[in-house]
Novice: 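Quick one: this structure, given as structure tokens, is what I'll be asking you about.
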Amino acid sequence: REEKQLELTLETLISQVADLKNSLVSFIYKLENEYDRLTWPSVLDSFALLSGQLNTLNKVLKHEKTPLLRNQVIIPLVLSPDRDEEIMRQTEGRVPVFSHEVVPDHLRTKPDPEVEEQEKQLITDAARISPDAAQKQIQSLNKMCSNLLEKISKEERESESGGLRQNKQTFNPADTNALVAAVAFGKGLSNRRPPGSGASVQSGQPGAGAIIAGASGMQQVPMTGAPAQQQPMLAGVQMAPAGQPGKMPSGIKTNIKSASMHPYQR
């Protein structure tokens, strides 16, 4: 009865492992040959399938009717360095020979001594932690992961908004070029003078002098009947008499261009 139960268990395990192997082969094929068309939902579906098959395999191993396989001893009866076609067929070409070099790896039922020692140490450390302390550590780890995810999401949003701001144009190149041409070369500026520029001072005011606008130098032309003591005028502004402190002497000759002329007009 025990031998029959062992055979049924082995058949079930072989079937589960074969399904798991086919799923892994299919997933690896997608990663190697269809990576350009592979989408994240498809990858998640493949992981979900593998996870479900592993859980089913664990349930079979932990079933109450499953005999303890660790109590079973496997002894190689024949070791040969020659090529074995039957082993090649059963292993799908992965193990060509069944010699003393491959037997320790393929018939191993326990991990390496170093790995086994590390596993025992982890189990011992986990048993020392109380349930309350373990729950606090779990909550702290979850909080750290949440904060990290929030920071990553914030950085992604800021990066996207910064890229949009950089790509958005905030000026008109045509207006900029026109402004530079106007300032540097006077392009597009009007040659017309503003109304009232260069006009002579009203003759009704006593002591006023007529100024010839637009000349390279200031030339005073006295009006008929004006008093002899009339003070000179600069651009319509009466100069102060000579000799007064803090005042500009009227005898200084000054060449002033007309203010109404644009620097780019010729």
Side-chain angles (χ1 to χ4, degrees), residues 1-33 38 40-145:
R1 183 180 178 181
E2 293 180 357
E3 292 181 358
K4 186 177 180 179
Q5 186 68 30
L6 180 61
E7 292 178 0
L8 293 176
T9 302
L10 291 177
E11 291 178 0
T12 303
L13 291 176
I14 290 173
S15 176
Q16 295 292 335
V17 172
D19 294 340
L20 181 60
K21 184 197 71 173
N22 293 333
S23 299
L24 285 172
V25 170
S26 177
F27 184 49
I28 293 174
Y29 178 82
K30 289 181 180 179
L31 292 177
E32 292 179 350
N33 300 280
L38 197 62
W40 182 243
S42 177
V43 174
L44 293 179
D45 292 340
S46 299
F47 274 117
L49 178 61
L50 294 174
S51 178
Q53 291 175 344
L54 287 174
N55 289 332
T56 303
L57 184 61
N58 288 330
K59 289 180 180 179
V60 172
L61 291 174
K62 294 179 180 179
H63 196 271
E64 58 182 6
K65 293 184 179 181
T66 301
L68 294 176
L69 298 178
R70 68 180 61 185
N71 295 333
Q72 304 296 326
V73 179
I74 300 177
I75 301 176
L77 301 178
V78 178
L79 296 177
S80 174
D82 299 332
R83 185 184 180 92
D84 193 334
E85 297 298 333
E86 182 64 20
I87 293 179
M88 283 280 293
R89 184 184 65 82
Q90 293 184 359
T91 60
E92 299 180 354
R94 291 189 297 273
V95 182
V97 296
F98 198 67
S99 62
H100 64 282
E101 295 181 358
V102 299
V103 165
D105 294 331
H106 290 283
L107 298 185
R108 183 191 300 273
T109 57
K110 298 176 65 176
D112 292 336
E114 295 82 2
V115 176
E116 189 176 10
E117 186 65 25
Q118 292 179 1
E119 185 178 0
K120 289 181 179 179
Q121 184 66 30
L122 291 175
I123 294 174
T124 303
D125 294 341
R128 294 175 181 174
I129 301 176
S130 62
D132 295 338
Q135 188 65 27
K136 290 181 179 179
Q137 292 183 3
I138 292 173
Q139 292 177 357
S140 177
L141 180 60
N142 291 335
K143 185 177 181 181
M144 292 174 60
C145 293

Novice: To the nearest 0.5 Å, how far apart are CG in Leu8 and CD in Glu3?
Specialist: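 Leu8 atom CG to Glu3 atom CD measures 12.0 Å (nearest 0.5 Å).
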Novice: Enumerate the residue pairs fulfilling salt bridge (Lys or Arg N to Asp or Glu O under 4.0 Å) with a member in residues 5-23, sequence neighbours excluded, ordered by first and then second residue.
Specialist: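 Salt bridge (Lys or Arg N to Asp or Glu O under 4.0 Å) check on residues 5-23 returns Lys21-Glu92.
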Novice: Please say whether more than 12 non-hydrogen atoms of neighbouring residues, nucleotides or ligands are located less than 6.0 Å from CD in Glu86.
Specialist: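 Atom CD in Glu86 is crowded, with more than 12 foreign heavy atoms closer than 6.0 Å.
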Novice: Can you sort out the partners of Phe27 under ring-ring contact (aromatic ring centres under 6.0 Å, His included), two or more places apart, ordered by chain and number?
Specialist: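 Scan of Phe27 (ring-ring contact (aromatic ring centres under 6.0 Å, His included), adjacent residues dropped) gives Phe47.
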Novice: Quick check: closest heavy atoms across Asp105 and Glu101, and the distance to 0.1 Å?
Specialist: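 So the minimum-distance heavy-atom pair works out to OD2-O, 4.1 Å.
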Novice: Looking at Pro81 and Ser99, what are the two nearest heavy atoms and their distance?
Specialist: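 Scanning both residues completely, I find the closest heavy atoms to be CA-CB, 4.3 Å.
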Novice: To check you understand the geometry: which heavy-atom pair defines the closest contact between Asp82 and Val97, and what is its length?
Specialist: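 Shortest heavy-atom contact: O-CG1, 3.2 Å.
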Novice: Tell me which donor-acceptor pairs under 3.5 Å the side chains of residues 124-141 have, and how far apart each pair is, sequence neighbours excluded?
Specialist:
| from | atom 1 | to | atom 2 | distance (Å) |
| --- | --- | --- | --- | --- |
| Thr124 | OG1 | Lys120 | O | 2.9 |
| Asp125 | OD1 | Gln121 | NE2 | 3.3 |
| Ser130 | OG | Ala133 | N | 3.3 |

Novice: Could you give me the CA-CA distance, side-chain angles and deciding distance for Val103 and Phe98, then say whether side chain to side chain contact (heavy atoms under 4.5 Å, CB included) is met?
Specialist: CA-CA 7 Å; Val103 165; Phe98 198 67; 3.8 Å; yes
Novice: According to salt bridge (charged side-chain N to carboxylate O under 4.0 Å, His left out), who are the partners of Glu116, at least two apart in sequence or on a separate chain?
Specialist: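 Salt bridge (charged side-chain N to carboxylate O under 4.0 Å, His left out) check on Glu116 returns Lys110.
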Novice: Under a 4.5 Å cut-off applied to non-hydrogen side-chain atoms, are Asp84 and Pro96 in contact?
Specialist: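 The answer is no; the side chains never approach within 4.5 Å.
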Novice: Looking at Thr66 and Lys62, would you say the former's side chain and the latter's main chain have a donor-acceptor pair under 3.5 Å?
Specialist: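 No; zero donor-acceptor contacts below 3.5 Å.
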Novice: Apply side chain to side chain contact (heavy atoms under 4.5 Å, CB included) to residues Leu50 and Leu20 and explain how you reach the verdict.
Specialist: CA-CA 7 Å; Leu50 294 174; Leu20 181 60; 3.9 Å; yes
Novice: Count the heavy atoms of every other residue, nucleotide or ligand shown that sit under 6.0 Å from CD of Glu119, and state whether that count exceeds 12.
Specialist: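 No, because the 6.0 Å sphere around CD of Glu119 holds 12 heavy atoms or fewer from other groups.
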Novice: Restricting to pairs with a member in residues 40-55, which pass side chain to side chain donor-acceptor pair (under 3.5 Å), not counting sequence neighbours?
Specialist: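 Residue pairs passing side chain to side chain donor-acceptor pair (under 3.5 Å), neighbours aside: Ser23-Gln53.
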Novice: For residues Leu6 and Pro67, determine if any side-chain heavy atom of one lies less than 4.5 Å from a side-chain heavy atom of the other.
Specialist: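 With C-beta onward as the side chain, the pair touches.
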Novice: Can you name the nearest heavy-atom pair linking Lys65 to His63, along with the distance?
Specialist: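 Nearest pair, atom of Lys65 first, then His63: N-ND1, 3.0 Å.
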Novice: My understanding is that only residues two or more places apart in sequence, or in another chain, count here; which of them pass side-chain hydrogen bond (donor to acceptor under 3.5 Å, both in side chains) with Lys59?
Specialist: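 If we apply the side-chain hydrogen bond (donor to acceptor under 3.5 Å, both in side chains) test to Lys59, skipping adjacent residues, there are no hits.
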Novice: At what distance, to the nearest 0.5 angstrom, does CG of Leu49 lie from CG of Leu54?
Specialist: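 These two atoms lie 9.5 Å from each other.
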Novice: If you apply the rule side chain to side chain contact (heavy atoms under 4.5 Å, CB included), what do you find for His106 with Val95, and how did you get there?
Specialist: CA-CA 10 Å; His106 290 283; Val95 182; 3.5 Å; yes
Novice: Closest heavy-atom contact between Leu13 and Leu61?
Specialist: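 Scanning both residues, the minimum pair turns out to be CD2-CD2, 3.6 Å.
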Novice: For residues Gln16 and Thr56, report the shortest heavy-atom separation together with the two atoms involved.
Specialist: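 Taking Gln16 first and Thr56 second, the nearest heavy atoms are OE1-CG2, 3.5 Å.
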Novice: First locate atom CD1 of Ile75, then atom CG of Leu107, and finally report the distance between them rounded to the nearest 0.5 Å.
Specialist: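 The CD1 atom of Ile75 sits 10.5 Å away from the CG atom of Leu107.
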